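Below you'll find the structure, written out as structure tokens, and then a few comments.
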Amino acid sequence: MERRLFGTNGIRGVANSELTPEFAMRVGLAVGTYFDGGRLLIGRDIRLGSQMVKRAVEAGLISAGATLYDAGVLPTPAFQYATKHYGLDGAVIITASHNPPQYIGIKVTRSDGVELPRREEIKIEEIFFEEKFRHVAWNSLKEVKKLDGVLDVYLEAVKGHVDVEAIRRRRFSVVVDPANSVGVFSTPRLLRELGCRVYTINAHIDGTFPGRPPEPRPENLTALSQTVRSLGADLGVAHDGDADRTLFSDETGYIPWGDKILALVGRKMLEEDSGLLIATPISTSTIVEDVAREYGGKVLWTRVGSVVVSHAMVESGAKLGGEDNGGLFYAPHQPVRDGAMTVALLLDLLAKEGKSLHELLEELPKYYIVKDRMECPMELKEKIVEELRSRVSGERIMTIDGVKVWFGDGSSILVRPSGTEPIFRFYAEGKTPEKPKQLVEEYKGMLKEIISELKAS
Ligand code: MG
């Protein structure tokens, strides 16, 4: 069996049972060995296991010769920005992002703040599993240096990409729900500096996440939409546990998924740059491509996963990226998901368009979406995808991650195996409510047929 440390977003586990201090110290040794010591930023979120894991990782990193710059407790994108800004060799960030409260994680970035690609993670895994740790001599052990002012530098950079005066003139009122986590440090302050009237809910730091789950999903955010409505606010903002993802509530309390915000921000950027390339996973709505086409821009479809999107942006020069889950990537700032940057971009858009978020959302093409799943034997996944590919037909077919088929009437379906669970996921959309339901039924039938044939052969 393949031995792995890294999942799709770093190393994750339940604090103190899966991710113990002993384990974390060895991860620190492996990462420090990989960087040959190096000058590394270290930072963490507010989770209950976060400080324990950070100290253990630090011990390993120092033992391997690293010089550590402690940036404190802040949103992940602030650490990523600071790593690039201060010219450090990389960063080790202790966070479990949107995972449930009991989890903690370790994320490793390179000098531009982007998480390591898979081929580099494999090098760290080799060092870890083969215990090829580097231990420096006693007189080369370094003390941790404090890195102050990261939040200032980060927020100044974010503001540098938007029309601050135009936003200030509008005096927006905004409700923020940072999920009792690190988003409380960045977004309320950013909004005040942009002249907004700021209200907060779930805004005291608490690693048990008493207010709502750390993952922002429309169904978790009813308190936010109710508060927006009862205060008559212009906008609601919800972040995940490390404030790199953002969902918004419009003034009516409606909370769209991130694809619509990506389409709106993309449309605005396309007005100024018709050659714009937008990177987004294959699971994102065609709405983004509709908007891009209208202005002559293009969509770069990628495999599902935020690190994949970041690397695709760096390689292709795409200025904008986004995910359905609320991750928005703005390369002129940094090609990673960034919660505060997303808020600033949306306010800039609202200020310049002179319309409310609800009005802007109404202007977008309409799609009906159905998501579903089906169980399947883990070992058959690859064969199923192969077989499915040979049976489907449509206007356009892509197989970068599962099988996606677009049809002439604007409808599409993606059938994709989960990387971790024994299931296939279905994402269908169409111009009528019936169309995506019909597509999911049809493709589930096809998958069942393929599975029973493969089992029989
Ligand atoms: Mg996150």
Side-chain angles (χ1 to χ4, degrees), residues 6-13 15 19 41 43-50 53-54 71 73-83 91-109 113-116 151 154 158 176-187 190 202 205 207 209 211-218 220-221 224 237-248 257-259 261-262 280-281 283-284 304-311 313 321-330 333-343 345 420:
F6 291 88
T8 46
N9 280 95
I11 300 165
R12 297 272 169 91
L19 224 166
L41 180 144
R44 69 174 177 98
D45 66 16
I46 52 84
R47 286 171 184 264
L48 297 183
S50 168
V53 169
K54 175 170 167 267
V73 179
L74 285 174
T76 294
F79 295 137
Q80 292 172 292
Y81 183 79
T83 303
V92 182
I93 302 166
I94 312 303
T95 177
S97 183
H98 63 278
N99 284 168
Q102 65 272 28
Y103 281 82
I104 190 62
I106 305 167
K107 216 187 243 293
V108 184
T109 86
V114 176
E115 279 175 78
L116 298 181
L151 187 62
Y154 168 63
V158 166
V176 184
D177 176 354
N180 301 103
S181 193
V182 291
V184 75
F185 298 120
S186 49
T187 298
L190 170 71
N202 302 324
I205 295 292
F209 295 89
R212 66 163 169 91
E215 173 157 37
R217 304 178 60 84
N220 292 341
L221 303 175
L224 178 68
V237 173
H239 291 306
D240 73 324
D242 67 340
D244 61 350
R245 275 163 57 179
T246 315
L247 287 189
F248 294 97
W257 282 106
D259 52 354
I261 301 300
L262 174 62
T280 193
S283 54
T284 302
V304 174
S306 71
V307 181
V308 177
V309 175
S310 287
H311 287 284
M313 290 177 74
E323 299 172 299
D324 205 20
N325 63 23
L328 198 82
F329 310 60
Y330 184 66
H333 172 56
Q334 54 178 352
V336 299
R337 303 197 283 212
D338 189 316
M341 190 68 244
T342 306
V343 172
L345 285 172
T420 48

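Keep in mind it's a predicted model, so treat the numbers as computed, not measured. Counting from 1, the numbers follow the sequence of the chain as shown. Both counts, for ligands and for their atoms, begin at 1 and track the order of listing.
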>> Just verifying a value: how many Å separate N220 CG and H98 NE2, rounded to the nearest 0.5 Å?
In response: 11.5 Å

>> Tell me the angle that OG of S97 and OD1 of D242 form around the Mg ion (ligand 1), rounded to 10°.
In response: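 The angle at the Mg ion (ligand 1) comes to 100°, rounded to the nearest 10°.
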
>> Does the plane of the ring in H333 sit parallel, tilted or perpendicular to the ring in Y154? Use 30° and 60° as the thresholds.
In response: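 The rings of H333 and Y154 sit tilted, inter-plane angle from 30° to 60°.
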
> Should the pair R245-E215 be classified as a salt bridge under the 4.0 Å nitrogen-to-oxygen rule?
Replying inline: yes

>> Please determine whether T76 has a backbone or side-chain N, O or S atom lying under 2.8 Å from the Mg ion (ligand 1).
In response: no

>> To make sure I understand the geometry: which N, O or S atom in D244 is closest to the Mg ion (ligand 1)?
In response: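 Per the distance ranking, D244 contributes OD1 as its closest N/O/S atom to the Mg ion (ligand 1).
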
> Of all N/O/S atoms in D240, which lies nearest to the Mg ion (ligand 1)?
Replying inline: OD2

>> Go through it in stages, so that I can follow the logic: the residues are S97 and Y103, the test is side-chain contact (heavy atoms from CB on, under 4.5 Å), and I'd like the CA-CA distance, side-chain angles, deciding distance and then a yes or no.
In response: CA-CA 9 Å; S97 183; Y103 281 82; over 6 Å; no

